[in-house]
There are 2 protein chains.
Amino acid sequence: MVSIKDIASDLGITAATVSNALSGKGRVSQDMVQRIRARADELGYRPNLAGRALRSGRTGILGLVMPDLTNPLFPRIAQTISNEADARQLGILIADSRGSAAEQSAALRRLLNLGVDGLLVVPQKGTSPDPMPVPVAVINTQSDPQNAVSADHVGGGALIARHIAEIGHRHLLLLGGDPVSEVQSDRIKGMTSALPADIQVDVLWGADGLAAVPERISQGVTAILTTSDLIALQVHSSLLRAQIPVPDRVSLTGFDNMSISSIMHPRLTTVAQNVEDIAARAIAIITAMIAGTPPPHLGEVVPMRLVIRQSTAIPN
Amino acid sequence: MVSIKDIASDLGITAATVSNALSGKGRVSQDMVQRIRARADELGYRPNLAGRALRSGRTGILGLVMPDLTNPLFPRIAQTISNEADARQLGILIADSRGSAAEQSAALRRLLNLGVDGLLVVPQKGTSPDPMPVPVAVINTQSDPQNAVSADHVGGGALIARHIAEIGHRHLLLLGGDPVSEVQSDRIKGMTSALPADIQVDVLWGADGLAAVPERISQGVTAILTTSDLIALQVHSSLLRAQIPVPDRVSLTGFDNMSISSIMHPRLTTVAQNVEDIAARAIAIITAMIAGTPPPHLGEVVPMRLVIRQSTAIPN
DNA sequence: TTGATGAGATTAAACGATTAATCTTGAGAA
DNA sequence: TTCTCAAGATTAATCGTTTAATCTCATCAA
């Protein structure tokens, strides 16, 4: 590998001048800068990050911890954050906290050992990351006091509930995966708080809730609002089995606009996160924290967008 | 951050002794080793990777390039590889090559700049990674001469085709996404080569193939074999729209045993990769290459496993 | 002529870990 | 007593980059 010294001895100058020229920091003549740049390109010079990290105390690598990479939402976030990081010459080490708070702590520790400058954490439901020796930015939801930036889950819940109310449904079932999840709780909260008082609302959670679906429909529920496209897919599957047509007999909504939601039949009405915006803000915040400058707009939430498809209809 | 020097001055010895004690390399008395270990733990010492990398020329970080993180198969592979790497004290930088060969080259370059010791590449369909200054292990399929390890896609195709033939289907439609993909071609190849000569087989690709599904069914096709669960889901969706029941009128199979395949209704008959085994072998191969020792079993394929569910049935 | 000034370069130290070479000490042998 | 030997430690250099401090000139003003 070609180092700064190779370029220097090649041009009969010292390493310091090369460093100054390439970083644009010291005083180097225009002419010299040109020649150094040209020679560096010719030799295919790539700065050695280890050397730089050792001197500067920064590795230029961020850690990203996600609760479950097999949930299609998270790879999308990871992908977007990676792109955003690339643009700033940063690397992203992705870790999966696989369902448990203990795994989350272990993942954080591993990333620290690898020398990350800062951490982006989408926390396990119901947990907060332990204090860390490097800056941490949490991506969760507004009810988490640690939240650095996130989608407006409350607002998203309100959007979809209002849509369902507007098209005439009067008896709803809200179905969440786990009330321990702040995100899902906020979504449910957003739904309930946006609904007029004359609408009857049942809230159920988890597998029990899923199992209760046919019964509730027989009791008059005409719309099922879930906190995730994955849950909606499961509901849809159980409705198919029970021969209950969507949306003719019951309307169904998801959350997060995953790719399956537009492949399903009927295509699913859902709410989309502005993943790009969230990723950009998260990176902006963590880089500011690392640089020691005041991070912009801590705790801000990014509006969600209602995506109306064929799984919701006027009740009959 | 506490360094080796802190421990040394703390115990009134030199850094070299601490390094020797912790790595078990030089000659250090048992007693001294004990004391150094104890003090290191107390102070919460974590080796600085930049220092080590600078001296040793190794960063302990591998790059993993995948074609599309939003395809649920790849996060699963990434997750498994990360786990395997963790166990060996290695870090994994994940990059997404997002659908194009150009993106793939760019991703490889970025990972190189970040100083990875080696690369694991699941290549874009129809491409081979450019030659690299660090070892590269390709995870693709047996027809790729560069393949270091992969699932036995041909064998997997044979498994599922044989199953369909055995339960009595005599007119099949094989549906692939893109013939340029070596993986998908091998799967189709495996299917066709395993089928008896008296079975009628149509092979179609892409969106045109998908559109032709109802027509082919009217021409007597009783089973549709796809090269991906995602394609199967799309087929299923179009069959639903056309009111063609699965598996009563037509059997349907996928590939890769993604999580959606067991959520769908009917649950999808598919073929599973042994992702853990592939990940373990891939890491073993790349670490051997990096160490300069001969890599074990280059080009081996890992058997796939048939997963029979409710989307396939005896034709009527 | 002397001094001040500043552009343009160099020197040297530092970051943390590793390791070959060297030094110190005590024990045992002759 | 002197010599040998090895265990147990230290010394010093090295990896590549950055940067504060310093040096060398040429230019220009007084």
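Computed from a prediction, not measured in an experiment: that's the story for all the values here. Chain letters run A, B, ... following the sequence lines, proteins first, then strands; residues in each count from 1. Values below: every heavy atom of this structure, side chains too, minus hydrogens, waters and symmetry copies.
- Set against C:dT11, C:dA9, D:dT17, the side chain of A:T14 has C:dT11 as its closest nucleotide.
- B:L49 comes within 4.0 angstrom of no nucleic acid atom, judged by non-hydrogen atoms across all strands.
- At a threshold of 4.0 Å, the pair A:R37-A:D41 does not count as salt-bridged, since none of the basic side-chain nitrogens sits closer than that to a carboxylate oxygen.
- A straight line from CG of A:L54 to P of D:dT14 spans 16 Å, rounded to a whole angstrom.
- In this entry the distance linking NZ of A:K5 with P of C:dT11 reads 13 Å, nearest Å.
- Map B:G12 and A:V2 each onto its nearest nucleotide of DNA chain D; the residue landing nearer the 5' end is B:G12.
- Using modelled atom types, one finds a donor on one side chain and an acceptor on the other under 3.5 Å when comparing A:Q142 with A:D152.
- Going from atom CD1 of A:I13 over to atom C1' of C:dG8 covers 11 Å, rounded to whole Å.
- The CD1 atom of A:I4 sits 15 Å away from the P atom of C:dA9 (whole-angstrom rounding).
- The phosphate of D:dA7 has neither OP1 nor OP2 within less than 4.0 Å of any side-chain N or O from B:S29.
- For A:Y45 and D:dG16, the OH to P distance is 10 Å, given to the nearest whole Å.
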Problem - Evaluation steps, side-chain hydrogen bond (donor to acceptor under 3.5 Å, both in side chains), between A:N48 and A:S3 - result: CA-CA 8 Å; A:N48 178 317; A:S3 80; over 6 Å; no
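- Note on A:M32: only backbone sugar-phosphate atoms sit closer than 4.0 angstrom, heavy atoms only; bases stay farther off.
- Side-chain proximity of B:V28 to the nucleotides D:dT17, D:dA9, C:dG16 is greatest for D:dA9.
- Although no hydrogens or angles enter the test, the distance criterion places no donor-acceptor pair under 3.5 Å between the side chain of B:D117 and the main chain of B:L62.
- With respect to the salt-bridge test (charged N to carboxylate O, under 4.0 angstrom), the residues B:E84 and B:R281 do not qualify.
- Atom pair A:N48:CG and C:dG16:C1' shows a separation of 14 Å (rounding to whole Å applied).
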Give me, pair by pair, the N or O atoms of the protein and of nucleotides 19-22 of chain C that are less than 3.5 Å apart, along with how far apart they are.
residue: C:dT19; atom: OP2; partner: B:K25; partner atom: NZ; Å: 3.4

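- One atom, CZ of B:R52, and another, C1' of D:dT14, lie 16 Å apart when rounded to the nearest Å.
- The closest donor-acceptor contact from the side chain of A:H153 to the backbone of A:N140 lies under 3.5 Å.
- Per the geometry, CE belonging to B:M1 stands 21 Å off P belonging to C:dA14, to the nearest Å.
- The CG atom of A:L90 lies 12.0 Å from the CD1 atom of A:I81; values are rounded to the nearest 0.5 Å.
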